[in-house]
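Working notes for the structure below.
Because the structure is predicted, anything quoted here is derived from the model rather than measured.
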Amino acid sequence: MSDNAEIRFEGIGVSPGIAFGGIYVVRDDPDEVARYHIAPSRIADEIGRFEAGLIQTRMQILEMQERIAESIGAKDAAIFDAHLLVVEDRTLIDEVLRKLKTDLCNVEWAFQEVATRYAETLSKIDDPYLRERALDIQDVTKRVIRNLQGKAPKAFLSLSGPHILVAHNLTPSDTASMSRENVLGIATDLGSRTSHAAILARSLTIPAVLGLHDITAKVDTGQHLLLDGNDGLLIVNPAPQTLACYRELESRRAKVTAQLKELRETTSTTRDGCHIVLSANIELPEDVDAVAANGAEGIGLYRTEFLYLNRKTLPEEEEQYETYRSVAERVRPNPLIIRTFDLGGDKLAEGVADVTDELNPFLGWRAIRFCLENQDIFKTQLRAILRASAVGNIKVMFPMISGLDELRRAIAVLEECKQQLRNSRAEVAERVEVGAMIEIPSAAICASALAREVDFFSIGTNDLIQYALAVDRVNEKIAYLYEPTHPAILRLLKMVADAAHASRIWVGVCGEMAGDVALVPLLLGLGMDELSAAATLVPRVKRAVQSVAIPECRELVEDALKLNTASEILGRCLQLADNRYGDLLG
């Protein structure tokens, strides 16, 4: 590409922000491994070299993990736990040693052959979690081989001076090792919103656009481009008017950000005086600080799986109790809604249970299904939650409920735990509200029956949309089919809200839809009483709530129910949102 005409490329905006500057294109570094024969007498030397390479790699991974933990937190550093498992995998290591001895070949070759076969097997499995594990193996494989070959770190990791990095793909190691000061933005051929590179880019606040297909073949080092991580745009040789437009856009965004900070102490009340509860979703106890800082009214979804993941022993009741109690104390008198373990399938921690591989873990033995079959684990958590309820406003909700029998079984176990604690004279709140997550279409359709058994509903829109439309939302090939405004989704949401109110219970949304300001009027018109989003999105949602009136939101829903396509419904939502708070959409 040699002329100076402005050219635009569309990808996936995975980390917000604007970057402008010169680019550095990372060309393929294949790390070719030559195979050569070794004498039997050299086997011990090769094994020693292999062990040293694994130790060196492990030390590098731990160093990266420590650096990430210090700069952006333990949650993101946990990405590298999977990398450590690769260099400590005895099955893989033993197979490499067998190949070394039987083929009498150099250890780099043996390791590459075995590790590549492992990665290829995982990459063919139709499951996003396992595909990520394949990328972990590929990342560690390259690092081990570079160490065995005595190669220096990749050249682009030591670049000085500001630049936008353009690459075919970036591994978690690459992203964690790059200089935050020098890397203005990231653009890659491959990648999705849920890839580790995307997660780390967001945490490092580096604007990023992934999934650009063949951008590395269309740009050259030294060219200047503008990267828009909000809308997923890459603009090569941006025209003066384009740069001016983006400067104005950045100025407007800065003003909006400043205004949003002032909303922290205000209430989320619509223009006509209807109060909508705004809560925050959290994963780790340290996330609690962001709840009050962003003006949320408590925690609408506390994901508790972190207590089980990346560890070899089960958390005792006392450890869980202390964790829940600490969080509840910090948010009281506001509520803390604890989702019971969504373990199983793709999220089984080592030591939790023996389980065979499932072809489709997202439709498998997980969440409430897993807990009801592992009641020792389930009861331990429920007892800890109930004990913590004595010091805070704790509510409990069960994930992945598919029908009434399942819900009743879960409630029966909870009541059994409550009685056990009272018999032992342990303190428990007089009343602990119980809710069901509505994230399976069958639960939405049976909502009227479920509503009579619980105190509230919380709709997990991520899974509800995925299951209702049969769309794996992390599959790039069909991502366009993942449509929150699909007419079927609209009707399912209305069915759930109507059933909740008919039984005089409240209903909230804790999925990504709750944080999408374009859809806030739609959710309010459907009758949602609570919205729970990532803490950083709460000010934007609050501003949207304060900008609309319930009658116009209900009119929006009436109009939307007459439309037949997701794009038509989204267009109608954007029309109202643009009229009331267009600056938030920019």
>> By the salt bridge (Lys or Arg N to Asp or Glu O under 4.0 Å) test, which pairs, at least two apart or in different chains, include something from residues 434-453?
In response: R408-E453
> What residue pairs, at least two apart or across chains, pass salt bridge (Lys or Arg N to Asp or Glu O under 4.0 Å) with a residue in residues 273-282?
Replying inline: none
> Quick check: are there more than 12 heavy atoms from other residues, nucleotides or ligands sitting under 6.0 Å from NZ of K494?
Replying inline: no
>> Looking at E427, I want to see if its CD is surrounded by more than 12 non-hydrogen atoms of other residues, nucleotides or ligands under 6.0 Å.
In response: no
> Looking at N281 and A534, what are the two nearest heavy atoms and their distance?
Replying inline: ND2-N, 4.1 Å
> Hey, is R339 close enough to E305 for a salt bridge, meaning N to O under 4.0 Å?
Replying inline: yes
> When you check the gap from the basic side-chain N to the acidic O, do R369 and E373 get nearer than 4.0 Å?
Replying inline: no
> Quick one: side chain to side chain donor-acceptor pair (under 3.5 Å) pairs with a partner in residues 391-406, sequence neighbours left out?
Replying inline: K395-E433, S402-E406
> Which residue pairs pass the side chain to side chain donor-acceptor pair (under 3.5 Å) test when at least one of the two sits in residues 522-531, sequence neighbours left out?
Replying inline: S279-E530, H501-D529
Are any non-hydrogen side-chain atoms of [X] and [Y] less than 4.5 angstrom apart?
X: V545; Y: T269; answer: no
X: W506; Y: D455; answer: no
X: L492; Y: L490; answer: no

> For Y321, which residues count as a ring pair (Phe, Tyr, Trp, His ring centres under 6.0 Å) partner, sequence neighbours excluded?
Replying inline: none
> Has the side chain of S389 got a donor or acceptor atom that lies under 3.5 Å from a matching backbone atom of A429?
Replying inline: yes
For a quick test of your reading: what N or O donor-acceptor pairs under 3.5 Å do the side chains of residues 293-301 make, sequence neighbours left out?
| residue | atom | partner | partner atom | Å |
| --- | --- | --- | --- | --- |
| N294 | ND2 | A290 | O | 2.8 |
| E297 | OE1 | H275 | NE2 | 3.2 |
| E297 | OE2 | S268 | OG | 3.1 |
| E297 | OE2 | H275 | NE2 | 3.2 |
| E297 | OE2 | L278 | N | 3.3 |

